[in-house]
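Below is one structure; the comments refer to it alone.
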Amino acid sequence: MKFRTLAVLGLGISLPALLVVPGSGATAAVEPAPVLKRPGYVSNRYLDQKPVWKTCGDPELRVTCAKITAPRDWWHQGSHADDIQIAVSKVAPKTGKPSRVVFGNPGGPGGAGLGMAPFLASRAALAKDHLAVGFDPRGTGDSTNVSCEGAPGYTMDARDRDPANLELIAEATELTRPYCDRQSRGLLPYVDTAQTVQDMDLIRHLLGYAKIDYVGYSAGTWLGAYYQTFFPEHVGRFVLDSNTDFTRPWLDTFAAQPQAFERRFREDFAPWAAKYDSELKLGNTARLVLRTYERLRAELKKQPAVEEYLDGSVKISYDQNTLDNLVVGDMYTKADFYSLAVDLAFLRDLSKAQSTGGPRAAQRKVDALPVERQRQLVQRASRPAVGLSPFSRPFADDAQQATFTAVTCNDSDWPQGREYGEMLSARFGPRYPLLGWGMNENPCLAWDRPRRTLPTPTGAGLPTTLMIQSVHDPATNVVLARSAHRRYAGSRLITIAGEGDHGIYGGVNKCADQLVDAFLGSGRAPARDTTCQGEGLPAPTMPPPPEGGEGAPLHRIAGFTRNLSGYLH
């Protein structure tokens, strides 16, 4: 299944009130759904289990993995037949016994998180005293999966406002939930944040710690805030990096992405590409770079570039949606700007060759590429544009996308009916075309969610929560962090000025790393909100491999996770 992510409330934009849309068919509930509280009991069969830990992945990483058993529904702990499995990873210090434990989540929601353990263990501030823990949330990775396989995707052009095209989008929206439910063997209604934080606390109990420290990226900030809300007595040092507005419904977080992605593309990427025009050849001004993109998009919509790779074993078609996905996917970190620039130039030349010389001329350009470059293009072209974080790109699978859908649609109310999405699309599209037109491409607009309400996170009574946010983050708009910070008692906000990466802690900004390391290592939080200066955009160069070293943290975590996945099957 493939669909675009929704957007976050942009600077200077007032999101339409979340009211019933006339003619949508939506009706207000007679009374509000009950607010969830913690389960009244936990069966001993979960509390007394003994996980079997075994080495997984590269032995040099010192990671051990296990699966633990959890109920499908924590509020109705039924028979063994309903139980699910949660994959967990851990890394202990090289010497001595850890005195604290730190959990991590890479976001998504739906990002597999086994790689969080070796990533956190690689931080000097944590390596000595912390047991580092990662886990694949229910629904994804090596845990029990949900699936939307076979569901119709959004292959239409979001900018096309023809009634027939809008009807196709609406049909895809309405059909997604039945497909996902049919493929997920009854688990779909129970893949949500309330269930996942109960899984987290079971892991904490089985590891034998009274409190947990935590590092959550992107949608992991939402998960972390809700763990704090459900289990305040078990909260240690929590770091929330690249923030959702976890004090409001998911729609408020998603509705700001069009403005944030457009800002990142127009104000960061385009001027950078223009600065290096002698090498990249996309235009010597930001306006010309953007014009290159728009012209290429129009050409690919008129005539997609069809390519055959690797002796005919793989075929890929580049159309306007493929192009948009490439751009969106490479906005998360400046480390990907060069890859995007190279791909834009290649696709422009490929499209020109096809229009003047036909498919054979285009194929000759492909055949002239090294095999590894061909593989890279296929991989990048087929990645989905889904999720708040780039963690799953370009290795996303059905379970990660299905988990993303289930969590965001199950957690909080969404206006039901196509009219609301089309209204947002018409409003945001002309101003923020990169993502704005796709606001109606969202299964949550036709989702029969469980009748329950999450408690609102307030931060009351908690230790200090450290929040980190870059000002040009495309996926989680800076206005979200500021909004949540105002409402979350005891929080401290570290703002990274002159920076747009999504996912900061662990290699993007030395100032932020020092502050977070001090907090996680000793509990010393900044006395007040703090601003760190960004370190600028790099000269054109290919990004380093994701495993090890410095660089985009979420890319490194993804590399670790790939190394660990599959060992528990």
Side-chain angles (χ1 to χ4, degrees), residues 6 9 15-42 70-78 82 84 109-110 137-139 146 173-174 176-178 180-181 184 186-201 219 221-232 244-255 402-421 424 442-460 483-484 487-488:
L6 285 186
L9 182 59
L15 184 68
L18 306 187
L19 301 176
V20 175
V21 180
S24 69
T27 57
V30 175
E31 59 183 39
V35 176
L36 281 178
K37 298 180 180 179
R38 276 158 58 171
Y41 75 99
V42 177
R72 181 176 66 177
D73 181 2
W74 277 98
W75 282 264
H76 298 90
Q77 297 165 33
D82 292 332
I84 65 171
R138 57 172 57 208
V146 288
T173 295
E174 293 164 2
T176 298
R177 175 66 164 78
C180 298
D181 198 34
S184 298
L187 180 57
L188 194 70
Y190 308 106
V191 175
D192 63 16
T193 297
Q195 301 283 351
T196 301
V197 297
Q198 312 302 317
D199 299 337
M200 287 176 62
D201 201 60
T221 65
W222 178 283
L223 184 66
Y226 276 100
Y227 182 87
Q228 291 179 309
T229 301
F230 276 96
F231 298 99
T244 61
D245 187 349
F246 42 79
T247 68
R248 295 186 179 277
W250 272 119
L251 176 56
D252 291 71
T253 283
F254 280 117
T403 302
F404 167 84
T405 307
V407 171
T408 54
C409 296
N410 283 337
D411 271 3
S412 57
D413 284 323
W414 291 79
Q416 297 295 285
R418 61 183 287 185
E419 291 86 354
Y420 192 86
L424 292 180
N442 178 20
C444 298
L445 297 172
W447 195 268
D448 181 19
R449 66 178 294 268
R451 190 175 177 273
R452 53 179 177 253
T453 301
L454 287 170
T456 300
T458 66
S483 173
R487 294 177 178 85
Y488 212 56

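Positions are given from 1, in the same order as the sequence printed here.
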Using modelled atom types only, decide if a donor and an acceptor are shared between the side chain of [X] and the backbone of [Y] within a distance under 3.5 Å.
X	Y	answer
W75	G40	no
T453	A33	yes
Q416	C444	yes
T244	A219	no
D82	R72	no
R452	N410	no
Q228	G459	no
R418	E174	no
T253	D245	yes
Q198	F230	no

Considering non-hydrogen atoms only, spot the tightest contact between [X] and [Y] and give its length.
X	Y	result
G110	T403	CA-CG2, 3.7 Å
G139	V191	CA-CG2, 4.4 Å
T229	P455	CG2-CG, 3.9 Å
P249	W222	C-CH2, 4.0 Å
Y190	D73	CE2-OD2, 3.4 Å
P71	R138	O-NH2, 2.9 Å

What I'd like to find out is whether the side chain of [X] reaches to under 4.5 Å of the side chain of [Y], using heavy atoms alone.
X	Y	answer
D201	R38	no
T173	N442	no
H76	P39	no
R177	L188	yes
W74	L36	no

Legend entry - Aromatic ring proximity W250/W414, centre distance under 6.0 Å: no

Inset, instruction - State plainly whether the residues D192 and R449 are in salt-bridge range, i.e. N to O under 4.0 Å. - result: no

Inset, instruction - Measure the spacing between CZ of F231 and OH of Y226 and express it to the nearest 0.5 Å. - result: 14.5 Å

Legend entry - From C409 atom SG to L445 atom CG, the distance as rounded to the nearest 0.5 Å: 8.0 Å

Inset, instruction - Please lay out, stage by stage, how T247 and T458 fare under the test side-chain contact (heavy atoms from CB on, under 4.5 Å). - result: CA-CA 7 Å; T247 68; T458 66; over 6 Å; no

